[in-house]
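Single-structure report; data block below.
Hydrogens, waters and symmetry mates play no part in the numbers below; they use all other heavy atoms, side chains included. All values derive from a computational prediction rather than experimental measurement. Quick note: residue numbers are just sequence positions, from 1.
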Amino acid sequence: LTGRFDMGNIHHKILELYGNYLLKNGETLPALDGEGQLENQEQLLPLLNNFTLQAIHNPEESFCDSPLTIKMLESQASAITNTIIEFLQNFCSKFAGYKVAAVEKWYSSNNPNRDWNYTGKIDCILTAGNDSPDDFGWTIIDYKNTSSAMPKPYETSIAEDGSLGDFQIPMYITLIRENEKNKDIS
């Protein structure tokens, strides 16, 4: 009923909608309480459930043409929302208090001194916050749905022959540096 990447696309869309919500409202990522729950988890659940339903009904997804698939996904909406809550608990343990600077932002570079051009859409860019002494620049976030989607350590370092197995994040850094002057990237 669903394709290989459909659930990942749904998760990604929910995080996009949530990131845009935080950006629009000037809110920061929530902290965790003493029990490892998001401090605003009770209020966040209905909001994320709404985002889950929006993602399930996203007309850009191929499964949206199948009423049976939509019904099946709707029946799993609370489980999908809980998966996002669990992700956010883990994510916010590192990034609580950070602000969203951009969501699903396209960058491109057309350098006349090169034989090629490049473009990329960055999932999320965070900043430590306004006027914070810890706000040293931007943090690039690229969501991965499975451990197999994560680059291997040897792919993220330049090999002896000068090749780089996984160039996604270095490309994003280059794109931001060429488009957003005076930004430090972590």
Side-chain angles (χ1 to χ4, degrees), residues 2-25 27-32 36-38 40-41 44-45 47-64 73 76-108 118-129 137-156 164-177 179-180 183 185-186:
T2 59
R4 179 177 177 192
F5 301 109
D6 288 343
M7 195 56 70
N9 291 342
I10 289 170
H11 293 158
H12 197 104
K13 185 67 174 179
I14 296 165
L15 293 171
E16 175 188 347
L17 292 165
Y18 180 56
N20 279 322
Y21 170 85
L22 293 173
L23 183 61
K24 177 183 171 193
N25 293 295
E27 294 183 21
T28 62
L29 286 165
L32 301 180
Q37 303 292 305
L38 298 167
N40 62 344
Q41 189 161 315
L44 195 53
L45 276 169
L47 180 70
L48 290 175
N49 196 55
N50 182 32
F51 292 154
T52 298
L53 293 173
Q54 287 180 49
I56 289 170
H57 291 276
N58 182 0
E60 296 173 6
E61 295 295 339
S62 60
F63 61 76
C64 199
L73 289 169
Q76 297 177 14
S78 64
I80 295 169
T81 299
N82 286 334
T83 297
I84 297 300
I85 287 286
E86 289 173 13
F87 166 81
L88 286 173
Q89 289 168 341
N90 190 4
F91 188 72
C92 291
S93 70
K94 168 93 174 131
F95 296 109
Y98 277 62
K99 283 193 163 191
V100 175
V103 178
E104 298 297 324
K105 185 160 183 179
W106 282 99
Y107 286 98
S108 62
Y118 45 93
T119 188
K121 183 167 69 168
I122 300 175
D123 292 348
C124 184
I125 301 171
L126 300 177
T127 185
W138 286 359
T139 301
I140 297 170
I141 304 296
D142 186 67
Y143 303 119
K144 300 295 184 195
N145 204 42
T146 63
S147 59
S148 63
M150 293 289 295
K152 309 295 181 267
Y154 66 86
E155 295 175 321
T156 61
L164 182 63
D166 188 294
F167 56 86
Q168 184 178 22
I169 298 299
M171 182 189 77
Y172 288 165
I173 292 169
T174 300
L175 284 169
I176 290 174
R177 284 185 177 151
N179 286 273
E180 305 279 354
K183 288 291 180 193
I185 310 299
S186 64

(message) As an exercise, state the distance from CD1 of Ile125 to NZ of Lys99, rounded to the nearest 0.5 Å.
(response) 15.5 Å
(request) Could you list all the salt bridge (Lys or Arg N to Asp or Glu O under 4.0 Å) pairs where at least one residue sits in residues 138-148, not counting sequence neighbours? (result) Asp142-Lys144
(message) Which residues pass the side-chain contact (heavy atoms from CB on, under 4.5 Å) test with Ala31, not counting sequence neighbours?
(response) Glu39, Ala96
(request) Can you see which heavy atom on Asp123 is nearest to which on Tyr143, and at what distance? (result) OD2-N, 2.8 Å
(request) Would you check if the side chain of Thr119 reaches a backbone N or O of Tyr107 as a donor-acceptor pair within less than 3.5 Å? (result) yes
(request) Mind listing the closest non-hydrogen atom pair of Pro30 and Asn40 along with its distance? (result) CB-OD1, 3.3 Å
(request) For residues 77-88, pull every pair meeting salt bridge (Lys or Arg N to Asp or Glu O under 4.0 Å), keeping only residues two or more places apart or in separate chains. (result) none
(message) Please check this pair: side chain of Asn82 against backbone of Ser78, looking for a donor-acceptor N/O pair closer than 3.5 Å.
(response) yes
(message) Let me confirm one number: the CG-CZ distance from Asn90 to Phe95, rounded to the nearest 0.5 Å.
(response) 10.0 Å
(message) Listing request: all salt bridge (Lys or Arg N to Asp or Glu O under 4.0 Å) pairs with a residue in residues 11-23, at least two apart in sequence or in separate chains.
(response) Lys13-Glu16
(message) Among residues at least two apart in sequence or on other chains, which ones pass side-chain contact (heavy atoms from CB on, under 4.5 Å) with Leu23?
(response) Asn20, Val100
(message) Among residues at least two apart in sequence or on other chains, which ones pass salt bridge (charged side-chain N to carboxylate O under 4.0 Å, His left out) with Glu104?
(response) Lys121
